Trainee: 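Below is the structure I would like to discuss, written out as structure tokens.
Please read all numbers here as calculations on a predicted model, not as lab measurements.
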Amino acid sequence: MFQEKHAWWKESVVYQIYPRSFADSNGDGIGDLNGITAHLDYLKDLGVDVIWVSPVYASPNDDNGYDISDYRAIMAEFGTMEDFDRMLENIHARGMKLVMDLVANHTSDEHAWFLESKKSRDNPYRDYYIWRDGKNGGAPNNWGSCFSGSAWEYDAATDQYYLHLFSRKQPDLNWANPRVRDEIFAMMTWWCEKGIDGFRMDVIGMIGKENMNDGPVGPGALYGDFGPSCQHTETTHRYIREMRQRVLNRYDLITIGEAGGGTADAIRYSNADGTELNMTFGFEHTDGINDHNEMGKWSDHGTPLREVREVLNRWELDLQGKAWNTLYLSNHDQPRQVSRFGNDSPLWREKSAKMLATLLHMMRGTPFIYQGEELGMTNIYFSSLAQYKDIEVHNAWRQWVESGKVDAQDMLRWFARISRDNARTPMQWNTSANAGFSTGTPWISVNWNYLEINAASEMADPDSVYHYYQKLIALRHTHEIIVYGDFTPLMTDSESVYAFRRELNGQVLTVLCNWTDRTVPCALSDSRSGSDMISNYPEHKTGFLYPYEARVFLQ
Ligand code: TEU
Ligand code: CA
């Protein structure tokens with residue numbers, strides 16, 4: 001039995017808001033801060049403790065706010081700083097907390113620092129970014145960007161290239177420059193003084209660039225991998241520890257690193273000695289399982305139970321006793337979880353959405369719910385390129401389809417399956433026009449299924465996915481074993497059942513989840529085996545699990 005140190009951020013459930021798609025208060029088709037404020041009672045009723053909002057800062061929106069032009073201003077489309085202050089006050093008034101997205105690996109190319117930086121080689125801001133001379137008439141090295149193409153952009157005025165690991169409008173900051181670190185830490189302090197409660201740190205594992213060596217080129221790949229030089233380096237850990245000393249230690253925050261890597265990396269970032277962050281997001285069960293060829297995420301690879309379970313169990317076991325874990329199956333970068341891991345057909349959508357929720361909320365770690373997940377919202381399955389808004393999709397199309405390397409129909413199928421816009425369609429509030437998201441024309445299409453899947457209908461139905469989430473969240477708040485219990489995998493050879501046990505102070509919690517649309521044998525499902533804590537079926541069959549059945553019992 002591990003002695004887990006208690007902390008409020010271990011006992012919390014986090015709800016992620018993608019502000020552009022949450023609620024539009026003024027009819028311009030774009031979600032905004034006043035829209036969030038208007039729906040805080042909905043989140044309070046759901047029972048969540050912490051709200052994480054994706055970036056709300058001034059931005060030209062090349063990557064929907066992940067390209068920031070002013071860290072201390074609110075994006076005009078989202079409202080004003082007064083709107084922000086009112087939102088924060090209202091969140092606190094309801095006993096909830098607010099986590100801000102910290103995007104500090106890069107800024108927008110329209111940020112004042114970059115506008116200065118590109119003016120001349122001797123500008124005082126030149127060294128805020130990463131500029132290099134070209135090599136052999138081309139880029140300084142072979143790195144590819146996460147959004148297709150080279151990671152380097154040529155600037156004719158100063159005859160040098162700047163590094164951008166994401167879009168060319170997201171130049172990477174040079175963290176090796178102490179003035180950059182001073183600026184970022186001062187900005188973080190400014191937000192903490194405003195009273196925010198934490199940070200979700202965008203691609204924080206990439207801030208410490210250790211060298212500019214060419215990266216390995218996979219078979220069929222067009223560019224080299226920057227990973228060995230830029231990901232999870234000693235330098236990154238040093239910057240994070242400095243951030244801990246200079247900013248984080250001064251406040252009682254929740255800190256979540258979007259860092260990826262393997263469990264050894266996560267253990268360093270989120271180590272129990274508290275010198276870095278509280279927890280990090282892993283990508284092995286999402287991008288890791290999906291990415292199978294030179295085109296990265298664009299593939300037909302599904303989510304076989306064996307692979308998902310191997311990854312999630314390994315993260316639980318490796319981190320246990322050493323570091324805290326995060327629990328998520330979807331966010332604004334991933335497709336909808338019921339479409340990806342469950343079954344979004346009308347017959348099984350609700351059952352499988354509840355099964356997936358049970359699985360996740362009963363594991364060891366802090367659960368993250370992505371807006372609409374609590375309703376069982378599904379992928380939208382766009383069929384043409386024009387329907388997509390995401391820069392990742394359009395850049396991939398240019399690189400693979402327009403160049404003739406990949407068939408257009410294949411690419412459209414992969415987009416429909418895995419693209420980020422699946423998660424970015426508007427929140428489905430009710431059965432009125434545009435699902436109650438906006439009285440204007442939404443910036444991205446509303447999913448056609450909103451008449452069946454929406455908050456108002458689900459709140460009125462005691463058996464809905466929404467009420468199931470509400471119950472799961474409440475259980476975490478009342479049962480220590482769900483937060484602090486030891487985790488032990490069960491039935492790891494099963495082709496159909498994901499099962500595990502939690503244990504604390506002599507209590508045992510058993511979690512059984514049928515990952516298939518068939519009734520399957522499961523010896524552990526004995527109706528005499530304990531008192532049921534939660535299930536998505538009203539009755540059980542001894543020795544079996546019904547399709548997508550989830551069952552949790554306490555002994
Ligand atoms: O995403 C980090 C990241 O590594 C992405 O490449 C992610 O894996 C990808 O979107 C999945 O296809 C963060 C943000 O969450 C994302 O929205 C931003 O676009 C990105 O950083 C750049 O800021
Ligand atoms: Ca609006």
Side-chain angles (χ1 to χ4, degrees), residues 52 54-55 63 66-68 99-107 130 143-147 151 163-167 170-176 180-181 184-185 188 198-213 215-216 224-244 247-248 253-271 273-288 290-291 296-297 311 314-315 318-319 322-328 331-334 365-366 368 392:
W52 149 32
S54 277
D63 185 21
Y66 283 91
D67 47 319
I68 296 169
V99 163
M100 297 291 277
D101 217 308
L102 175 77
V103 190
N105 173 70
H106 44 266
T107 68
I130 300 170
W143 296 351
S145 125
C146 294
F147 290 158
L163 179 69
H164 60 90
L165 297 182
F166 291 88
S167 97
Q170 293 168 300
D172 281 57
L173 281 166
N174 177 21
W175 276 69
V180 167
R181 303 204 297 281
I184 297 296
F185 297 156
M188 292 173 72
F199 295 104
R200 173 272 189 189
M201 305 183 182
D202 193 66
V203 291
I204 200 71
M206 297 185 187
I207 57 178
K209 278 87 177 165
E210 248 162 32
N211 58 58
M212 295 285 138
N213 301 339
D225 176 9
F226 60 74
S229 310
C230 303
Q231 295 261 54
H232 322 303
T233 61
E234 281 306 317
T235 315
T236 290
H237 287 288
R238 191 155 46 78
Y239 296 151
I240 293 178
R241 286 197 295 270
E242 185 181 338
M243 181 196 287
R244 164 65 56 193
V247 185
L248 308 179
L253 304 172
I254 175 172
T255 54
I256 311 128
E258 196 218 19
T263 56
D265 299 305
I267 290 167
R268 288 200 65 190
Y269 288 122
S270 333
N271 62 73
D273 69 13
T275 51
E276 297 195 13
L277 306 173
N278 295 152
M279 57 190 105
T280 57
F281 290 124
F283 290 109
E284 281 194 66
H285 66 294
T286 52
D287 300 348
N290 187 80
D291 298 4
K297 68 191 286 185
V311 171
R314 180 159 45 78
W315 276 69
D318 287 0
L319 268 58
K322 301 197 184 90
W324 192 245
N325 202 4
T326 58
L327 306 170
Y328 79 96
N331 61 36
H332 66 294
D333 291 335
Q334 305 291 341
T366 298
F368 286 72
E392 183 182 49

Trainee: Do you know the tightest heavy-atom contact between Gln170 and His106?
Mentor: O-CB, 3.5 Å
Trainee: Rounded to the nearest 0.5 Å, what separates atom CG in Leu253 from atom CG in Asn278?
Mentor: 8.0 Å
Trainee: Check whether Thr235 reaches the backbone of Gly208 with its side chain - one donor and one acceptor, N or O, closer than 3.5 Å.
Mentor: no
Trainee: About how many Å separate SG of Cys146 and CE of Met206, when rounded to the nearest 0.5 Å?
Mentor: 4.5 Å
Trainee: First locate atom CZ of Arg241, then atom OG1 of Thr236, and finally report the distance between them rounded to the nearest 0.5 Å.
Mentor: 10.5 Å
Trainee: Does Ser145 reach the main-chain N or O of Phe166 with its side chain, forming a donor-acceptor pair under 3.5 Å?
Mentor: yes
Trainee: Could you work out, with ring-ring contact (aromatic ring centres under 6.0 Å, His included) as the rule, every residue matching Phe281, not counting sequence neighbours?
Mentor: Trp52, Tyr328, Phe368
Trainee: Quick check: do Ile254 and Met279 have side-chain heavy atoms less than 4.5 Å from each other?
Mentor: yes
Trainee: Tell me, do Asp101 and Glu258 make a side-chain contact under 4.5 Å, heavy atoms counted?
Mentor: no
Trainee: Tell me whether the centres of the aromatic rings in His232 and Tyr269 are closer together than 6.0 Å.
Mentor: yes
Trainee: Rounded to the nearest 0.5 Å, how far does CG of Leu173 lie from CD1 of Ile207?
Mentor: 10.0 Å
Trainee: Kindly give the heavy-atom pair with the smallest separation between Lys297 and Asn290, and that separation in Å.
Mentor: O-ND2, 2.5 Å
Trainee: Can you find a pair of side-chain heavy atoms, one from Asp318 and one from Lys322, that are under 4.5 Å apart?
Mentor: no
Trainee: Which heavy atom of Glu276 sits nearest to which heavy atom of Ile240, and what is that distance?
Mentor: CB-CG2, 3.7 Å
Trainee: Using 0.5 Å steps for rounding, measure from the CG atom of Asp172 to the CG atom of Leu163.
Mentor: 4.5 Å
Trainee: Side chains of Lys209 and Phe226: closer than 4.5 Å at any heavy-atom pair?
Mentor: no
Trainee: Strictly below 4.0 Å, N to O, side chains only: are Glu234 and Arg268 in salt-bridge contact?
Mentor: yes
Trainee: Using atom types as modelled and distance alone, determine if a side-chain donor or acceptor of Ser270 lies under 3.5 Å from a backbone N or O of Ile267.
Mentor: no
Trainee: Testing Thr255, Ile256, Val103, Thr280 for side-chain contact (heavy atoms from CB on, under 4.5 Å) with Met201, which one passes?
Mentor: Thr255
Trainee: Considering residues at least two apart in sequence or located in another chain, which fulfil the salt bridge (Lys or Arg N to Asp or Glu O under 4.0 Å) criterion with Glu210?
Mentor: none
Trainee: Using a 4.5 Å cut-off on heavy atoms from C-beta on, say whether the side chain of Trp315 contacts that of His285.
Mentor: no
Trainee: Hey, does the side chain of Asp67 reach the backbone of Asp63 with a donor-acceptor pair shorter than 3.5 angstrom?
Mentor: yes
Trainee: Within the 4.5 Å heavy-atom criterion, are Leu248 and Leu277 side-chain neighbours or not?
Mentor: yes
Trainee: So do the side chains of Asn105 and Asp202 get within less than 4.5 Å of each other, counting heavy atoms only?
Mentor: no
Trainee: Would you please say whether a donor-acceptor pair under 3.5 Å links the side chains of Asn213 and Ser229?
Mentor: no
Trainee: So, for Arg181 and Trp175, which heavy atoms are closest and what is the spacing to 0.1 Å?
Mentor: NH1-O, 2.7 Å
Trainee: At their closest point, which heavy atom of Tyr66 faces which heavy atom of Ser54, and how far apart are they?
Mentor: OH-OG, 3.0 Å
Trainee: Got a sec, which residues hit salt bridge (Lys or Arg N to Asp or Glu O under 4.0 Å) with Asp265, two or more places apart in sequence or on another chain?
Mentor: none
Trainee: Work out which heavy atom in Ala323 is nearest to a heavy atom in Ala266; give both atom names and the distance.
Mentor: CB-O, 4.3 Å
Trainee: Answer whether the closest heavy-atom distance between the side chains of Thr366 and Thr326 falls below 4.5 Å.
Mentor: no
